[in-house]
Amino acid sequence: MEEVMRLKKISKSFGRNQVLFGVDFNLRAGEIHGIMGENGAGKSTLMNIVYGNLRPDSGEIWIDGQKVTIHEVRDAQKLGICFVQQEIALCQDAMVAENIFMSRISQGKGFNLKKMAEEARQLLEPLCHGAIDPYEIVERLPISCQQLVEIAKAISNNCKILILDEPTSSLSGSEADALHKVVQGLKEKGIGVIYITHRMSDVFEQCDRVSVLRDGNMVSTMDIKDASVQGLVNDMAGREVDILYPDKAEHISKNDEDVVLEVTNLTDAAGRFKDVSFRLYKGEILGFAGLLGAGRSEVMMGITGLRKMSGGSVIYKGQNILGKATSDIFEDGLVLLPEDRKVQGLFLDMDIEYNTSAVYLRQITKRGAIDRAAEREQAERMCNAMNVKCTGLGQIVRSLSGGNQQKVLLAKVLAKKPKVVIMDEPTRGVDVGAKAEIHRLLRQLTQEGVSVILISSELNEVIGMSDRVMMMDSTGCLVGQAEGEDINSDHIMYYISDAYKYAEVNQEVKEHE
Amino acid sequence: MNKSNTNGAARLLKKALQLREMSLILIIAIMCVVLSFTNPFFATTSNLQTVLGSVAVDGILTIGMILVMLTGGLDLSIGSVMCMGMAIAGKGIQMGLPVVVALLLGILAAAVSGLLVGLIVTRLHLSHFIVTLCFMGIARGIVYAMTSGIAISLIAQMKENPVLSYLGSGYVGGLVPMCFVVFLILAIATDIYTRKSSVMRRVYYTGSNEMAAKHSGIKTDRIKVGVCVACSVMAGIASIIYMSKYNGVTVSAGEGAEMTALSAAVIGGVSMNGGKGTIAGGLLGLLFIVLIQDAMNLFSVQAFWQDLIRYLIVLLAVILDVLQDKARKKKNS
C-alpha cells in the first residue's frame, strides 16, 4: 500500500518538559491506524504537530513522498489533513451548516446558506440519517450529535488524512457503530485514518495497524493480527500493570456501627442523577465506576454541599449534613479532593504554603490573624508526608510538574486528618511514579481507619484499588455494586454501559415468546 | 547556622527588591529628589501640604477599590457613592440632625449601595463592571434628585463643629494635614489587616481561583459581598473628609475618582484578575500619580495635556505588568 504520511524523528518540549522524543510514524493510504497510550503519553501533542497547532522542535514531516513544513492549521488543511479533536470545538451559537463550512466561509468565498445547508445535509446523512438539521444551532444539540458535526466538518474538506482523537468517548454504542461505518467507508476511498483511542474493542475491530506511544516514545507498531490485548497493555504501561496497585483490605466489617457515611435517595436539583443510595464502611475504598459524564462527580459535590440537591439525605456522624456549609463539613472530617486540579483544586499563581493552608485556615488562625509559623510548619509537614518535590515552600504551584501539583492538592485536602476522603480523579495527568505513590497513600489512609471514595475515569484504577465498586450508568442511576471476584472490567463495563439494558430487553422479548 | 542566616538575609533582600512596593518607593524617591532640585516650589510646605491633602480622599477610595480588586472585581461607583453619602449627611446636618447621626446615615447609605452591588453580582452572576457602572449613575442621580443640582454649603455648621472641621482642614502640629493622618491610620490598619488576617486570606484565595476557593470550603459569595460593602464604607468615610475639607457638598464631587483609584491600584501591582496585590502597593501607586499631577502643575503643563499624559503612564504600567507576568509564567512552565 502507498504511504501518505511519514513522520521522522519528531521531538517537542514545553519549557523544561520534553514530551516527544524523536517519534517515527508512518501512515498508509486506505488504512486505519490506531494509536494507543496512557494519558500524557504525547498522543495529542503529536497530532497537534501534524495539524499545525504546534511546531516540532526538530524532525520532518513527509506527505505523499514530499517533505513539507506545516506552520499553521491552514497549511495542514491544504495538504488534506483533517483533525477531529477530543474536545468539541464548535461555535456554539452558530448553525450546524455554518460550523461545517467555517473554513470556506472564512476564506471569503460566496456565502450561500441554502446551498451550504444542502451540502451539510449530504455530509451528515450517512452519519446520523437525518437526525441533525443543518439549520439547528449547535448549542441545542446533545454532545453526541455535536461530535458527529465535528466529524462532518473534518471530512468536508477534501480529506486525505483523517485524525480522530478518541471519537467514541462521548458516543453511545449505536452512535459509535454508525461512526465506525463512516470511517470504514472513508478508508475504502483511500483515506488514511489515524485513530486515537483507549478502547481495545475499537482497536481490534476497526484498525489495520496499531502503534503505542509511551512517555513520548513510539514503543511499538504492528499489524493488528499480531497484536494481543495483554501485549498492548504492557507496552502502554511499560511493565506488568498488576504490580501497580497495593494489596486490598483483608477484611471490611459491615455491621451497622461500621457505617461512616450513609447516602439515601440523593437527588440532584438539576436532574443529573436521582435516588442515589449507598453506604460507606470504615476503612474501605469504595470505587465509583461509570462512563464519562455519568454524574459521579456531581454526586460527590452534592454530598459536600457544593451542589444543590432536591431530595434525599446524607447521614454522617449521626446527623444529616445535607444543606450544611462546605466549610463545616470539611471541618468535621469529610473532605473532597476535586476532579480538576487546575480549575477547582489549586491556586496556581500562589506558592505551596498558601495552597496547603486553604482548607483548614481555622487551624492556623489565632484571634483572627494567621499564625505564619504554624502555617509554615503545617506546609512542611504535609509536603514531606506527600513527598512533594520542590525548590522550597515558596515555589509557585504553576511551576510544579503535574504529579507534584496533585501531591500539593492532596496536602491541601489532607492537612487535617479526615475521617472520610472523597477522591475525584486523584491521579489524572500524573506520571506513573507519582501515581503509585498516591495509590500507596490511599491504602495507607484506609489502614489508619479512614474511608475513601474513589472516582476515576480509568476503569483499571477503580478495579485495582477498590474493595467494593458502585456502578453508575450514563443516566445517573446506581445500577449495582460489585464485590470481590466481580470487580473486573467485563462485569463492570456490562453495567455502566448500556449493555445490561439491552440484555434486559432481550430477556423480556424472549419471555413474551 | 551563621551561613544560613546570611543566606536568609540575602534572600530576604532579593525578595524585597523584587517587590513592586520597593521599586515604586525607589521611583517616588527619585522623583522627589529630581523635583526638589528642578523646581523651587516643590519642596515648600504649602505644596507638600497640598500633595498630602489630595492623597487623603483618593487614598481612602483607593483602599476600597483594592479590596474589591483582590477578589477579581472592580467598583466604578466609588466616586458617586462618596458624593451620595456626603449629600445625605450634608442634608441631615442642614436639617439639624445631630452631626454624628447624619454622618452615620451617610456611611450607612453608602454601605447599602455596596451591599446591593455585591448581592446583584453574586446572585445574578453579573460582572462588577456593568453593575457598578449602573450604580455610578444611580448614586449620582440620587444626589441630583436630592439637591436639584445645587451645592450644599455648610460653612456655618462647620464653624459650630470644630471637630468635624478639623478632620478635613486642620493641621496636626500646624504642619501635617489632619485628613492625611486619618488616611494614614486607615491605610496602615487595612494594610496590616490584609497581610495578617484570616479573612483577608480568604479574599486572596477567592480572587486567585474562585472555583478552588469554593472547593476549599470558602464561602466565596459572602467574601465578594463583604468586600463590596467594605469598599462602599470606605467611600462613606471619604465623604466625611471631603465634606469637611470643602465646607459643603458639591454635586460633582468624586467625578473621575474611580479612574484615579483604579489606575493607582494597577500601577501599584494590584492585579485586575484578582488574588494579587497589596494595600501598600496600590497606595504607593496613588502617591506616584499624585506626584506626576503635582509635577505637571508645577511646570505649568496645560490642563488639556494632563489626562493624556497620566493615562499613557497607566497604560505603560499595565503593559509592563503583563510582560513581566508572561516572562515569569514562561520561566515557570
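We name chains A, B, ... by the order of the sequence lines, and we start the count at 1 in each one. Hydrogens, waters and symmetry mates are skipped; everything else that's a heavy atom, side chains included, is used.
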Pick from Ala213(B), Ala212(B), Gly275(B) with the largest number of heavy-atom pairs that fall under 4.5 Å of chain A: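 Looking at each of Ala213(B), Ala212(B), Gly275(B) in turn, Ala212(B) comes out on top.
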
Is [X] close to chain B through its backbone or its side chain, or both, or neither, when contacts mean heavy atoms under 4.5 Å?
| X | value |
| --- | --- |
| Arg341(A) | neither |
| Glu375(A) | side chain |
| Lys412(A) | side chain |
| Ile370(A) | both |

Flag, side chain of [X] to backbone of [Y], donor-acceptor distance under 3.5 Å:
| X | Y | value |
| --- | --- | --- |
| Asn209(B) | Val343(A) | yes |
| Asp349(A) | Ser208(B) | no |
| Tyr205(B) | Tyr354(A) | yes |

Can you confirm whether [X] is buried at [atom1], in the sense that more than 12 heavy atoms of other residues, nucleotides or ligands lie under 6.0 Å from that atom?
| X | atom1 | result |
| --- | --- | --- |
| Lys317(A) | NZ | yes |
| Tyr311(B) | OH | yes |
| Arg381(A) | CZ | yes |
| Lys419(A) | NZ | no |

So which bits of residues 191-201 of chain B come within less than 4.5 Å of chain A, counting non-hydrogen atoms only? Lys196(B), Ser197(B), Ser198(B), Arg201(B)

Non-hydrogen contacts under 4.5 angstrom with chain A: give the residues of residues 228-237 of chain B involved, or none if there are none.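 Listed by number: none.
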
Within this structure, what is the [atom1]-[atom2] distance for the pair [X] and [Y], rounded to the nearest 0.5 Å?
| X | Y | atom1 | atom2 | answer |
| --- | --- | --- | --- | --- |
| Met211(B) | Phe347(A) | CE | CZ | 12.0 Å |
| Arg202(B) | Ser327(A) | CZ | OG | 7.5 Å |
| His215(B) | Thr326(A) | NE2 | OG1 | 8.5 Å |

Which one, Ala358(A), Ala369(A), Ala325(A), leads in non-hydrogen pairs under 4.5 Å with chain B?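 When all of Ala358(A), Ala369(A), Ala325(A) are compared, Ala358(A) has the most.
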
Name the option with the most non-hydrogen atom pairs under 4.5 Å to chain B; the candidates are Thr365(A), Leu361(A), Thr304(A), Leu346(A).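 When all of Thr365(A), Leu361(A), Thr304(A), Leu346(A) are compared, Leu361(A) has the most.
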
